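Structure record follows, encoded as structure tokens.
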Amino acid sequence: MMQRWWQAPGQWAGSMIIVGLVVLAGVSLLPWVVDPTVIKVADKLLPPSLQHGFGTDQLGRDVLGLVMRGAVASLSVAFVAVGIGAALGVPLGMLAAAREGWLNQAILRANDFIFAFPALVIAILLHGTIGAGMVNAMVAIGIFNVPVFTRMAFGRAQPIWTLDFIRASRLCGKGDLGIAVGHVLPLILGAVIVQITIQLGFAILAEAGLSYVGLGVTPPTPSWGRMLNEAQTLIGVAPRLALIPGAAIALAVLGFTLLGDALSGLVDPRRQVYRP
Amino acid sequence: MSLFLLRRVIGLVVTLAVASGIVFALMTVLPGDPAELMLGTDARADTLQALRHEMGLDRPLLAQYIGWVFGMMQGDFGVSHTYHVPVANLIVERLPLSLPLAFLSLGMALLLGIPGGVLAASQEGRFLDHYIRFKTQVLLALPNFWLAMLLVFVFAILWHGLPAGGFPGWGGGFAAVRALILPTVALALPQAALLARVMRQAVLETLEDTYVVAARARGLSRTAVLIRHALPNAFIPVLSIIGLQFSFLLAGTIIIENVFYLPGLGRLMLQAVNQRDLPVVTGIAMVLIASVITVSFVVDGLTRLMDPRLRGRP
């Protein structure tokens with residue numbers, strides 16, 4: 001009872017934040033909304049007003065518009081990167097779980113190896129070949145996400161292969177692939193969705209970091225990380241320029257992690273175990 | 001045990017070889033000729049050829065790779081294009097800042113995270129537990145460079161107590177320590193939050209084990225069980241997380257050094273990336289990669305030492 005009461009607000013807050021974020025990002029792309037990338041130096045560093053909800057930045061751009069449009073870059077990088085991670089990682093993890101011996105060992109070893117590299121280091125190494133930009137961020141964060149999903153899928157799928165009903169369906173003549181897709185995947189899907197939700201939050205954080213150091217989204221595309229970079233020297237003059245995009249990042253990440261936590265409570269039967 | 005050690009050392013060498021191979025491959029597929037990059041596009045063909053020969057660029061790729069690896073083993077990382085000094089010298093110059101920063105923040109993260117996690121676990125379901133979980137959740141959502149900017153705003157701009165950036169060098173004594181306070185805190189807080197969450201989970205999981213129930217049934221108090229039985233076992237998963245955190249800490253220093261204009265490895269690396277100074281980028285990348293791999297090797301060994309159940313296995 002107690003746990004339910006504490007879990008519910010997280011779930012609601014998480015979903016509300018994410019829905020709000022997607023709506024704001026969508027609105028900012030509508031053709032009749034003012035383009036936030038237009039530079040108007042005469043209007044620089046205006047305080048918040050009715051016309052500019054969050055004021056303007058050092059180049060006279062509308063900060064509210066920039067933050068809303070920044071959500072587009074953040075969300076698209078996060079979704080593509082986590083998509084890459086899940087699309088490669090889950091099949092690899094399931095393969096490692098289905099097979100014993102060298103293939104299993106090779107996948108898990110390679111996995112541990114890649115896992116040792118933070119997205120930032122991958123992005124720096126890829127920078128020479130791909131160059132800065134959204135694609136670099138997507139690929140770097142995507143590569144980083146592959147071992148996360150491999151590990152998770154392996155951990156969940158391996159015990160399932162020893163269950164009786166798997167042997168039964170093998171006796172019925174079902175092949176390994178059929179069992180993996182028909183029986184194992186549905187059982188681990190819930191956990192995969194939870195992991196995707198949580199990784200989306202981390203991917204937003206990673207994208208912000210990459211854009212902040214100039215390896216991610218490039219100008220003129222608005223991005224929260226780059227807004228923070230530009231705001232840094234102005235923090236004494238206009239602290240709101242640094243506060244607003246940072247709060248947007250934190251809120252977005254919090255939204256995904258809260259939702260992931262709440263979902264894992266629904267998916268994970270261990271959570272319902274009574275603890276002495 | 002010695003067989004295990006041998007296998008692990010072989011694994012370590014293979015991993016390092018694969019890592020260096022990947023970095024080398026990424027370096028060679030780059031468009032553009034390093035010799036041309038050094039001399040500029042208007043260089044004469046014979047000068048270009050001579051430099052190419054001097055740099056060994058006309059040799060087969062495998063020979064180049066082996067030469068590069070053996071060079072690094074002897075401390076030769078090549079020469080920086082922009083600074084025209086050996087990369088090894090640049091790295092050695094910057095280490096006295098980056099290493100203390102990384103270890104200070106790891107220490108602070110441990111000091112805050114582990115007691116925080118144990119406290120939350122011991123108070124499970126009560127106010128303090130929810131409070132710590134909420135705090136750590138929020139801290140984990142903050143980008144560390146934004147946290148750093150907020151710290152600068154509060155402690156350097158509103159209250160002129162601490163420097164906003166820069167580093168006077170260790171000769172500066174107290175001023176040097178003061179310059180590292182905010183960067184250390186900005187790096188350590190999110191790591192401490194992660195550690196606290198992992199520690200809490202690990203303690204709760206060991207508290208579920210049958211031997212804990214048995215100890216409780218024998219009449220031991222909750223606190224006694226927590227300290228004598230649950231904690232030593234909970235440390236095992238936490239230790240492997242600490243190993244992983246080290247690599248994130250290194251990535252964190254790269255960004256944080258840029259926020260505070262600290263002349264460390266990370267700042268050097270990002271400057272080199274922007275100036276396309278390849279030997280510096282690959283040199284630092286190899287140092288980072290090698291240290292991450294070595295740390296995970298050591299942590300693996302420590303886990304074995306701490307967990308008697310693993311000792312007999314190969």
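Source: prediction; values computed, not measured. These values consider heavy atoms only, across backbone and side chains, with no hydrogens, waters or symmetry-generated copies. Here is how names work: the chains are called A, B, and so on, in the same order as the sequence lines, proteins then strands, and each is numbered from 1.
The parts of L142(B) that come within reach of chain A are both its backbone and its side chain, each placing non-hydrogen atoms under 4.5 angstrom from that chain. For A206(A), no part sits under 4.5 Å from any heavy atom of chain B, backbone or side chain. Looking at T15(B), both its backbone and its side chain come within 4.5 Å of chain A, counting heavy atoms on both sides. Only the side chain of V292(B) comes within less than 4.5 Å of a heavy atom in chain A; its backbone stays farther off. When heavy atoms are compared at a cutoff of 4.5 Å, A19(B) approaches chain A by way of both its backbone and its side chain. In this structure, chain B has heavy atoms under 4.5 Å from both the backbone and the side chain of L254(A). Contact of L250(B) with chain A is not made at all, since no heavy-atom distance falls under 4.5 Å. For a residue to count as touching a neighbouring chain, one of its non-hydrogen atoms must lie under 4.5 Å from one of that chain's; by this rule V259(B) touches chain A with backbone and side chain alike. Only the backbone of L140(B) comes within contact range of chain A, judged by heavy atoms closer than 4.5 Å.
Using cut-offs of 30° and 60° on the angle between ring planes, the pair F145(B) and Y212(A) is parallel. Taking the six-membered ring for Trp and thresholds of 30 and 60 degrees, F155(B) and W159(B) have ring planes more than 60 degrees apart, a perpendicular arrangement.
Heavy-atom pairs under 4.5 Å with chain B peak, among A231(A), A252(A), A250(A), at A250(A). Interface check for chain B: of the options G201(A), A208(A), P245(A), the most heavy-atom pairs under 4.5 Å are formed by A208(A). Contact tally against chain B (heavy-atom pairs below 4.5 Å) for L215(A), V213(A), V121(A): the top residue is V213(A).
Within the 3.5 Å criterion, the main-chain N or O of V203(B) finds a donor-acceptor partner in the side chain of T206(B). Side chain of T221(A) to main chain of V217(A): no donor-acceptor pair is present (N/O by atom type, distance under 3.5 Å, no hydrogens or angles).
Around atom OH of Y211(B), more than 12 heavy atoms belonging to other residues, nucleotides or ligands sit under 6.0 Å away.
In terms of heavy atoms, E207(A) sits closest to S223(A) at OE2-OG, 3.9 Å. The nearest pair of heavy atoms linking I204(A) to A78(A) is CG1-CB, 3.8 Å.
Side-chain atoms of T136(B) and R197(B) form a donor-acceptor pair, as typed in the model, at a separation below 3.5 Å.
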